[in-house]
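Each chain gets a letter, A, B and so on, in the order the sequences are listed, and its residues count up from 1.
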There are 2 protein chains.
Amino acid sequence: MTGLTDRQRDIIQVAIRIISRKGIQELTIRNLARDLGITEPAIYRHFQSKSDILAAMLEYLHRDTIAIFDQVQDGESALDRLRDYFSRLFERLRENPATAAVVFSDEAFMNDDRLAATVRALVELTIDNTTNLLTLARENGEIRADVDEYDLATMLAGGVRLLVRRWHMSGNGWDLAAQGRSVIETFVKLVEVPR
Amino acid sequence: MTGLTDRQRDIIQVAIRIISRKGIQELTIRNLARDLGITEPAIYRHFQSKSDILAAMLEYLHRDTIAIFDQVQDGESALDRLRDYFSRLFERLRENPATAAVVFSDEAFMNDDRLAATVRALVELTIDNTTNLLTLARENGEIRADVDEYDLATMLAGGVRLLVRRWHMSGNGWDLAAQGRSVIETFVKLVEVPR
DNA sequence: GAGGAGTTAGTTATCGATCACTAACTTTGT
DNA sequence: ACAAAGTTAGTGATCGATAACTAACTCCTC
């Protein structure tokens, strides 16, 4: 369904792990081959170029993020769905902290137009999802209507991004989900219309 | 006072410009020399290593950010000082858009412990400044007291960071100060205690 | 079911390009 | 005349990528 072989998936996972632990500068074909336990040319049996590996990696993360949004329950209130969405994002990061690092390696993809566009789309996805839920919340009358919802989405998504960045920089040394929940609840408290 | 020669300042400015336009991957001694109009070894007359150039660049940005915070007027209310602070940050970015790019190249400094610590401190600086102003605002009774101010600082600083990132990614194609003001005012509207 | 043909996934060895950096020499300004 | 700031010419290391080859497995034909 994803169009990837098992071996291609292996390579992507190892690539993500390298980026997570050592930064994207350390993601070389050499290091990738070493961690996979094969030689460098063998990698080219599975991907035509390093750029293709990165593209597949970004596409994988993109699909994964879409899947998370799709899992968010339908019946709840928009604010509950917002809580659910970020809770699931935090859960994924806890299970696979490596994914966080990739999203903060934007700059590394600037050279390659295709990769730059993909990583940009990946970042925008979370913002768009947030904006959509906030629009729904306003339509439902769950949040105050006297503030721009795009500004709200910017603050919420930006705040969570900053939190994840600091968590990643700290070596994942604290409970992201707990801190994240605190930020989300603070946000909800600010925008919620008392019922 | 800064301990830098004129030539060292030239080099830092050109380095910042390269990072801004092409990303940190393109910041090589070769490209730096070419843009400066001299040969590569000449650079080593002014800095002992590439790492030293990056360290000096980060230190320069750090001093600059501190200077901006110090310029914020004293007499106003804490919320007005907050507005003033971010307004000055946006103004600096408008005058020198290159500085934005550097702060988003965190990952590039991960290899070098000294650089990593410096860039981390640079990012924390804005958050700390924001937190301090929010603490003051609460003490003055300007903002509601039922929300965690560290969460507030995370959302505000994170939101602004995200905004700046998108502005940079768009090739500085729109008015950052105007969009930034909108985010700040939305934030103020959320936290302000009606008087 | 035996045996060639083709495929898959690896190997060793090597390529040209580029990286940060250096030694030795020359030019320039005071 | 001397020091600062430039030059030419080169270093070893590492980058992504390729050529040539091989072991192991599958598939097709008779």
Looking at H46(A), does any N or O in its side chain come under 4.0 Å of the phosphate oxygens OP1/OP2 on dT8(C)?
no
The contact string for nucleotides 20-29 of chain C, one letter per nucleotide 5' to 3', using protein heavy atoms under 4.0 Å with B, S and - for base, sugar-phosphate only and none, comes out as SBBBBB----
Please give, in whole Å, the distance from dT14(D) P to Q25(A) CD?
15 Å
Which is it for R181(A) and S87(A) under the side chain to side chain donor-acceptor pair (under 3.5 Å) test, yes or no, and what are the steps along the way?
CA-CA 7 Å; R181(A) 220 176 297 123; S87(A) 166; over 6 Å; no
In whole angstroms, how far is the C1' atom of dA17(D) from the CG atom of D52(A)?
13 Å
Please state how far atom CZ in R9(A) lies from atom P in dA9(C), giving the value in whole angstrom units.
13 Å
From CG of N31(A) over to P of dC15(D), roughly how many Å is that when rounded to an integer?
6 Å
Looking at R166(A) and W174(A), what are the two nearest heavy atoms and their distance?
C-CZ2, 3.9 Å
Please test R165(A) against V103(A) for side chain to side chain contact (heavy atoms under 4.5 Å, CB included), starting from the C-alpha separation and ending with a verdict.
CA-CA 9 Å; R165(A) 181 192 175 281; V103(A) 186; over 6 Å; no
With respect to the phosphate group of dG6(D), does any side-chain polar atom (N or O) of T39(B) fall under 4.0 Å of OP1 or OP2?
no
Flag if over 12 foreign heavy atoms under 6.0 Å of CD, Q71(B)
yes
Nearest-Å distance, CD1 (I38(B)) to C1' (dT8(D))?
15 Å
Phosphate-side-chain proximity, R7(A) and dG10(C), N/O vs OP1/OP2 below 4.0 Å:
yes
D10(B) CG to dG6(D) C1', in whole Å, measures 15 Å
Tell me, please, which residues at least two apart from F69(A) pass ring pair (Phe, Tyr, Trp, His ring centres under 6.0 Å).
Y85(A)
Here the distance between atom C1' of dT8(C) and atom CD1 of I11(A), to the nearest Å, is 13 Å
Which whole-number value in Å describes the distance from F47(A) CZ to dG16(D) C1'?
16 Å
Treat each ILVMFWY residue as a node, draw an edge where side-chain heavy atoms are under 4.5 Å apart, and state whether M155(B) and L82(B) are in one component.
yes
Hydrophobic cluster membership, L156(B) vs L163(B), 4.5 Å side-chain cutoff:
yes
